[in-house]
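In what follows, a single structure is set out as structure tokens and then discussed.
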Amino acid sequence: MENNSSRRDFIKKSALLSTGIFMGSSIINSSLAANTSDSASFIFHDDLLNTQEAAYTLPKLPYSYDALEPHIDKLTMEIHYSKHHQAYVTNLNKAVETLDKAIVDKAKNLSSIFENMSLFPEAIRNNGGGHYNHSLFWSLMKPNGGGEPKGKLGEAINTTFGSFDAFKKQFADAAAKRFGSGWAWLVVSNGKLTITSTPNQDNPLMSLPTIVAKGKPVLALDVWEHAYYLKNQNRRADYIASFWNVVNWEAAEALFIS
């Protein structure tokens, strides 16, 4: 990744000036605490994927902007959530309004969008993915998180990858080696835990020929530069290392067993 002052200044200014820029179980929903955000209530269960009322909405963060410090800084969290994620929601709703009547019903929820991805324009793909991916990402972090996963997920990780340390290395490699912008994932694919990555705002739920490990996400890490550049500049590896200190393994476990 490039490292020069002009590029760094550009990305910082872009982030600061940006104006527009759930699959899970009820176990997660009951365990998440709300902050003082004025956005819609944080609902993290199957309704994120399978139901939609008048419009897609920004979920409330389950913690304050500074709750993940020093690992993820307050300013990055505020911009990432209130600008970037909000823009995906706003632009998704705008894109749905422009759809032909023949396919608009298939955009009624995220599950339907992901299952019928080939029918939709790039705006639906990018913004629908961005909305889901970020909603998942917020719930998979918490203050004083980290450590090692317990329960069935911990057992499955040890069985599949040999050890937790081996899993961490493979997941970190997938995140570090994702060229440009994208995501690293731990998914249940064909009944087995698999580590994969996707470009841009794609995710393993999308029916696309480019998705090499289609399945249910259990863990996700955003490796777009806007997720870490204000604190870590071009040092993606430092950001990845910090992530292990805030992982919400209880939420990941709930996703795994649901």
Side-chain angles (χ1 to χ4, degrees), residues 22-25 27-35 42 44 59-81 85 133-178 182-188 193-197 203 216-233 235-258:
F22 275 157
M23 183 160 104
S25 76
I27 297 173
I28 301 175
N29 189 46
S30 64
S31 67
L32 295 177
N35 68 355
F42 190 94
F44 194 78
K60 182 180 291 186
L61 277 177
Y63 36 73
S64 61
Y65 292 138
D66 63 354
L68 304 182
E69 289 191 333
H71 311 294
I72 298 179
D73 62 287
K74 177 181 178 181
L75 183 58
T76 294
M77 278 298 305
E78 182 174 359
I79 294 171
H80 198 173
Y81 169 76
H85 190 178
N133 297 351
H134 284 86
S135 298
L136 181 69
F137 185 47
W138 308 138
S139 75
L140 286 167
M141 298 186 290
K142 69 173 185 177
N144 302 312
E148 296 190 21
K150 308 298 182 184
K152 292 183 179 180
L153 177 58
E155 293 175 4
I157 285 175
N158 287 327
T159 299
T160 303
F161 303 102
S163 68
F164 179 61
D165 286 340
F167 157 73
K168 283 177 63 177
K169 183 180 186 305
Q170 290 185 44
F171 188 89
D173 284 348
K177 294 176 181 177
R178 165 47 58 188
W183 293 75
W185 305 91
L186 176 66
V187 301
V188 178
L193 282 177
T194 302
I195 292 170
T196 188
S197 69
N203 66 56
K216 179 174 69 173
V218 173
L219 191 66
L221 177 58
D222 186 350
V223 292
W224 281 64
E225 286 188 334
H226 65 239
Y228 61 87
Y229 213 90
L230 294 181
K231 176 178 174 63
N232 300 110
Q233 286 81 54
R235 300 185 302 274
R236 183 187 287 187
D238 290 353
Y239 162 69
I240 295 168
S242 294
F243 175 66
W244 299 116
N245 296 300
V246 296
V247 174
N248 185 343
W249 287 116
E250 290 79 13
E253 168 80 1
L255 285 164
F256 179 66
I257 66 177
S258 65

Sub-4.5 Å side-chain heavy-atom contact between K152 and E253: yes
Interatomic spacing from OH in Y65 to CG in D73 - rounded to 0.5 Å: 13.0 Å
L153 and I257: CA distance, side-chain angles, deciding distance, side-chain contact (heavy atoms from CB on, under 4.5 Å) verdict: CA-CA 8 Å; L153 177 58; I257 66 177; over 6 Å; no
Nearest non-hydrogen partners of S242 and H71, listed with the distance: CB-O, 3.7 Å
Test item: E148 and F167 side chains (from C-beta on) under 4.5 Å apart, heavy atoms: no
Distance-minimising heavy-atom pair for V223 and Y228: O-CE2, 3.7 Å
From CG (N248) to CZ (F137), nearest 0.5 Å: 12.0 Å
Spacing of T194 atom OG1 and K216 atom NZ [to the nearest 0.5 Å]: 13.0 Å
Non-hydrogen side-chain atoms of L68 and P143 separated by less than 4.5 Å: yes
Minimum-distance pair of heavy atoms, taken over all atoms of K74 and E69: N-OE2, 2.8 Å
W224 ring center near H134 ring center (under 6.0 Å): no
K142 side chain to P62 backbone, donor-acceptor under 3.5 Å: no
4.5 Å side-chain heavy-atom contact, F256 and L186: no
E78 side, atom CD; S64 side, atom OG - distance, nearest 0.5 Å: 11.0 Å
Mutual orientation of the aromatic rings belonging to W244 and W249 [parallel < 30°, tilted 30-60°, perpendicular > 60°]: parallel
4.5 Å side-chain heavy-atom contact, V187 and L193: no
Pairwise distance CD1(I157) to NZ(K168) - rounded to 0.5 angstrom: 11.0 Å
Minimum heavy-atom distance between T196 and A174, given as atom pair plus value: O-CB, 4.3 Å
Heavy-atom side-chain proximity of S197 to K177 below 4.5 angstrom: no
Minimum-distance pair of heavy atoms, taken over all atoms of A175 and I240: CB-CD1, 3.6 Å
Nearest-0.5 Å distance, OH of residue Y239 to CG of residue N232: 9.0 Å
D165 and K169 ion-paired at < 4.0 Å: no
Note, I72 side chain near M141 side chain (heavy atom, < 4.5 Å): yes
F161 versus A166, closest heavy-atom pair with distance: O-CB, 3.3 Å
F171 and F243 aromatic ring geometry - parallel, tilted or perpendicular at 30°/60° bounds: parallel
Minimum side-chain heavy-atom gap P217-L136 below 4.5 Å: yes
